[in-house]
There are 2 protein chains.
Amino acid sequence: MPNTPQSSSKKKTPVSGGPERRRELLDTAAEVFAAQGYNATTVRKIADAAGMLAGSLYYHFDSKESMLDEILSTFLDELWEGYDAVLDAGLGPRETIEALVTESFREIDRHRAAVAIYQKESRHLTDQPRFHYLTDSQRRFEKAWLGTLERGVAAGVFRADLDVRLTYRFVRDTVWVAASWYRPGGLHSPEEIARQYLSMVLDGIAVRT
Amino acid sequence: MPNTPQSSSKKKTPVSGGPERRRELLDTAAEVFAAQGYNATTVRKIADAAGMLAGSLYYHFDSKESMLDEILSTFLDELWEGYDAVLDAGLGPRETIEALVTESFREIDRHRAAVAIYQKESRHLTDQPRFHYLTDSQRRFEKAWLGTLERGVAAGVFRADLDVRLTYRFVRDTVWVAASWYRPGGLHSPEEIARQYLSMVLDGIAVRT
DNA sequence: CCCGTTCCCTAACAAGTGTTTGGTAGGTTA
DNA sequence: TAACCTACCAAACACTTGTTAGGGAACGGG
């Protein structure tokens, strides 16, 4: 948690009233954002989905943007909690990759909407200083994955003839874009999806001759 | 070309004047759409990038939506030209996959912006009847890839213990999402990227023991 | 020289946007 | 009962949005 990328959101938390309502509203907002896209989502649509009027949202939040901010930052905070646990476990390269992939699909299971939003909007948001923590997170992300891959190549458990940077991009993209089709409670559990994906990436889909 | 999914765009083509200007404007519009997202892109931004005023765009196009329509439909038309050539070539399953992947990265090279737009916006657009051809294209797409994978499993060239549908999704996503980081004229040619990706997916990144 | 065409500009429109302000029903506390 | 707080509503605000209408400069053909 020490140098975890921080959100810049100043939360206007009601002191005594349950913060559950806040979480509820953020969940529905995230759902609408993920389904329609951030810019295409009007505050009136969010209010509709929440069963209230547009202006009433401003009792709970400063702005539409701060809703997005809070959705993304709380997601990233939880994500890095899980990632750091994996990275600090002292596993070998292959086991680290396996654990990171599995953890990622678990995060998608828990934060499907937030991941979808992050995937679609992060590129435009990184310009705004308010969302600079997205860039920081991306950097840490790349360091963790790329480092593990390079460590694996050096240790002789991953093929040396692969472009590590390209491989990183492929893996990163495939994992996170899964949030666009994954539905919790569907046929496959996050762990099952991770198993299948790891099987493909590590061993390939071709039959060995 | 026979049952290629058709666009619903009625083009307001100036009869004699060069249609190159139209293509120029669509290219800049596509670039802005890809960079900022369709909804976040105002017609004034497009006009700025094209060096004219917002209203002037409406001499060339009916609406902002029809620009998007024409961008996506011309891309899909060209895409399916290439895909059909591959699918009709009578290749084996593995060679078909290889050719499809290579062709896909070539299309990304040629239509980077359109692919990025397609990837980000197609989900919301499929609701509108005007963009129904996106759904048709998705269906054909799934049929081509899934069919080839299943053919490969039946022929014993692809592993039988893989979930073919999951594999399809993984491959599809990784290929197309590459449009978000690929830059033409960069370090790797489309063919090189395809080679690297195929190497990973077919043979895996783990060293064989 | 006039006419028509091509291509763009100026200026405005109505609808929709995020946000603010003032009010109020209902519960809790004193 | 009175004062207070929470959570919402009603109505409006300033601004941006996509789009339209009318006009004009450049240019070519007759």
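Keep in mind that the numbers below use all heavy atoms, side chains included, and drop hydrogens, waters and symmetry copies. Just so we're on the same page: letters track the sequence lines, and every chain starts at 1.
- The environment of A:R165 atom CZ is sparse: at most 12 non-hydrogen atoms of other residues, nucleotides or ligands sit within 6.0 angstrom.
- One interatomic measurement links the two molecules: NZ of B:K45 to P of D:dG18, which rounds to 9 Å at whole-angstrom precision.
- Residue B:R44 places a side-chain atom within donor-acceptor reach of the base of D:dG18, judged by atom type and a 3.5 Å distance cut-off alone.
- Comment: B:E191 does not engage B:R195 in a salt bridge, judged by the lack of any side-chain N to carboxylate O separation of less than 4.0 angstrom.
- Here the P atom of nucleotide D:dT17 and the NZ atom of B:K64 are 9 Å apart, to the nearest Å.
- Below 30°, between 30° and 60°, or above 60°: for A:F75 and A:W176 the angle between ring planes is above 60°, a perpendicular geometry.
- Rounded to whole Å, atom P of D:dT19 lies 9 Å from atom CG of B:D62.
- Ring geometry, A:W80 versus A:Y83: the interplanar angle exceeds 60°, so the pair is classed perpendicular (tilted spans 30 to 60°).
- Here the P atom of nucleotide D:dG18 and the CG atom of B:L68 are 13 Å apart, to the nearest Å.
- One atom, OH of A:Y59, and another, C1' of D:dC8, lie 9 Å apart when rounded to the nearest Å.
- Look at A:R21 and you'll find a side-chain N or O under 4.0 angstrom from OP1 or OP2 of D:dC8.
- Phosphate proximity of D:dT20 to B:Y58: absent, as no side-chain N or O sits under 4.0 Å from OP1 or OP2.
- Taking atom CG of residue B:L53 and atom C1' of nucleotide C:dC7, one finds them 12 Å apart after rounding to whole Å.
- The 5' end of DNA chain D is approached more closely, in terms of each residue's nearest nucleotide, by A:G55 than by the other of A:G55 and B:G55.
- Salt bridge status for B:E65 with B:R130: present, with a side-chain N to carboxylate O gap under 4.0 Å.
- Closest to the side chain of A:V43, from the set D:dT19, C:dG18, D:dG18, is C:dG18.
- Here C:dG16 presents its P atom at 18 Å from CD1 of A:I46, a figure rounded to the nearest Å.
- When heavy atoms are screened at a 4.0 angstrom cut-off, A:S56 is found touching base atoms of the nucleic acid.
- Across the protein-nucleic acid pair, B:L57 atom CG and C:dC9 atom C1' stand 12 Å apart, rounded to whole Å.
- Applying the 4.0 Å criterion to OP1 and OP2 of D:dC8, one finds that A:H60 has a side-chain N or O inside that range.
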